[in-house]
Enquirer: 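Sharing a structure with you now.
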Amino acid sequence: MSIAPSLPILHGRKGTDLRVTGRELVLRRAPLEHRIPFAAIAGVHAEGRAVEVRLTAPAAIAPTVLRVEDVSEAAATAFARAVNAALAPADAAGSVVVDGSTLVTTRTAESEPETRTPREALHRKVKWLSAGSALVIVAMSVLVGFFGEPVNIVGIVLFGGTGFPLVIAAVVLAPEGLRPWRLPRHGITVTADHARDSAQPWLYLYSDLDGNVWKYLDSSGRVSVEVSYDPRDPRKAVRADGAGRWTAGILPVSAGIAGLILLAMFFVTPFMDFGPTGEEYRNQYR
């Protein structure tokens with residue numbers, strides 16, 4: 001009996017995961033990978049947010065149990081049910097029961113390829129940069145509140161709240177701004193032909209080395225234009241003659257300069273004297 005391909009992958013504590021590959025379970029627990037053939041498994045049991053893989057063992061030997069914790073309860077139940085259904089009946093192999101632990105192979109786990117899409121990676125980067133910026137602003141405000149002039153907190157929040165987002169925007173947009181400069185020198189240059197589509201007059205088509213056809217938008221109106229694309233991601237292309245490269249860099253550069261100026265003010269603000277507070281001003285004229 002085969003297992004349905006939609007069987008969930010169980011992710012547990014500290015990067016541990018359990019999955020089915022062919023007719024075996026693969027348990028990755030850094031830095032090791034354990035491959036457990038179905039013939040070595042007596043059963044899989046789901047207990048709330050934990051899953052136990054119990055290996056076969058003769059009556060005189062305590063069975064080996066491999067446990068994965070902090071997984072999805074629903075996924076654990078579905079996983080255990082599917083694996084148990086795929087196991088051979090207990091008496092199918094006769095009366096001799098082998099020690100399942102002797103059938104398990106262990107090796108150093110190989111790192112898996114990155115599975116995040118570029119958009120997901122971008123969102124993750126922005127999230128962590130934003131969280132770090134907020135933490136710096138809060139920490140600076142607390143320090144100034146205890147050891148400096150509390151009125152300076154207003155400047156810290158103002159300069160930090162605008163400076164950090166601008167710098168983050170510059171960091172995120174920098175690859176887009178650098179692409180028109182980088183790809184003509186380090187990319188692959190091909191000819192993009194006008195699609196002659198009246199509904200999309202700016203549409204050009206080009207193909208990569210594998211024969212895949214990609215779209216490129218250009219308002220020049222030419223019959224064809226030379227474009228340079230990224231061999232790692234052929235969807236990203238720019239004009240090979242450098243047209244528009246300065247325009248693409250204006251936004252990240254402007255954001256970066258403005259953000260750095262504001263961040264300079266952010267770090268100087270705790271040491272600035274904004275004059276007497278309201279209470280000090282009243283005390284001067286009593």
Side-chain angles (χ1 to χ4, degrees), residues 1-132 135 210 230-235:
M1 182 182 296
S2 61
I3 292 182
S6 59
L7 190 66
I9 298 172
L10 304 182
H11 294 284
R13 289 181 185 172
K14 300 180 180 179
T16 299
D17 68 65
L18 181 65
R19 67 187 70 198
V20 173
T21 302
R23 295 288 299 174
E24 63 183 5
L25 298 185
V26 178
L27 172 63
R28 290 191 177 97
R29 183 175 287 150
L32 300 177
E33 176 184 277
H34 308 280
R35 290 186 170 268
I36 312 163
F38 283 1
I41 302 173
V44 178
H45 307 281
E47 299 178 353
R49 298 189 61 197
V51 167
E52 288 186 348
V53 179
R54 188 177 299 273
L55 304 186
T56 59
I61 300 178
T64 300
V65 177
L66 303 173
R67 184 178 176 90
V68 179
E69 299 180 335
D70 284 348
V71 300
S72 164
E73 184 172 352
T77 301
F79 186 91
R81 183 184 301 116
V83 174
N84 288 330
L87 297 177
D91 59 349
S95 59
V96 178
V97 179
V98 299
D99 184 356
S101 62
T102 62
L103 303 179
V104 177
T105 58
T106 301
R107 65 179 184 180
T108 302
E110 298 178 357
S111 58
E112 292 194 350
E114 180 63 50
T115 56
R116 296 191 185 94
T117 64
R119 183 180 295 274
E120 291 172 339
L122 176 63
H123 287 173
R124 183 180 179 84
K125 180 188 295 185
V126 172
K127 180 181 70 175
W128 283 108
L129 289 174
S130 301
L135 183 61
D210 295 325
D230 190 337
R232 296 171 299 181
D233 188 355
R235 293 171 299 178

Enquirer: Should Val20 and Phe38 count as side-chain neighbours, where that means a heavy-atom distance under 4.5 Å?
Expert: yes
Enquirer: How long is the gap from CG on Leu27 to CD on Glu33, to the nearest 0.5 Å?
Expert: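 The distance works out to 9.0 Å.
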Enquirer: Drop me the distance from Leu10's CG to Arg49's CZ, to the nearest 0.5 angstrom.
Expert: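 If we round to the nearest 0.5 Å, Leu10:CG and Arg49:CZ are 11.5 Å apart.
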Enquirer: Can you name the side-chain hydrogen bond (donor to acceptor under 3.5 Å, both in side chains) partners of Ser101, sequence neighbours left out?
Expert: Asp99
Enquirer: Decide yes or no for Leu25 and Val53: does some side-chain heavy atom of the first lie under 4.5 Å from some side-chain heavy atom of the second?
Expert: yes
Enquirer: Looking at CG of Leu32 and OG1 of Thr108, how far apart are the two atoms once the value is rounded to the nearest 0.5 Å?
Expert: 6.0 Å
Enquirer: If you define the side chain from C-beta out and look only at heavy atoms, does anything of Arg35 sit under 4.5 Å from Val26?
Expert: yes
Enquirer: Using 0.5 Å steps for rounding, measure from the OG1 atom of Thr105 to the CD1 atom of Ile36.
Expert: 9.0 Å
Enquirer: So, Thr56 side chain and Gly100 main chain: donor-acceptor pair closer than 3.5 Å or not?
Expert: yes
Enquirer: Might you point out which heavy atoms bring Gly12 and Val68 nearest each other, and give the distance in Å?
Expert: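 Reported closest heavy-atom pair: CA-CG1, 4.1 Å.
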Enquirer: Give every donor-acceptor pair under 3.5 Å between a side-chain atom in residues 75-86 and any protein atom, sequence neighbours left out.
Expert:
from  : atom 1 : to    : atom 2 : distance (Å)
Thr77 : OG1    : Glu73 : O      : 3.1
Asn84 : OD1    : Val44 : N      : 2.8
Asn84 : ND2    : Val44 : O      : 2.7
Asn84 : ND2    : Ala80 : O      : 3.0

Enquirer: Please name the pair of heavy atoms, one in Val71 and one in His11, separated by the smallest distance, quoted to 0.1 Å.
Expert: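 That closest heavy-atom pairing would be CG1-O, 3.5 Å.
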Enquirer: Could you list all the side-chain hydrogen bond (donor to acceptor under 3.5 Å, both in side chains) pairs where at least one residue sits in residues 57-67, not counting sequence neighbours?
Expert: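 Sorted pair list: Glu47-Arg67, Glu52-Arg67, Arg67-Glu69.
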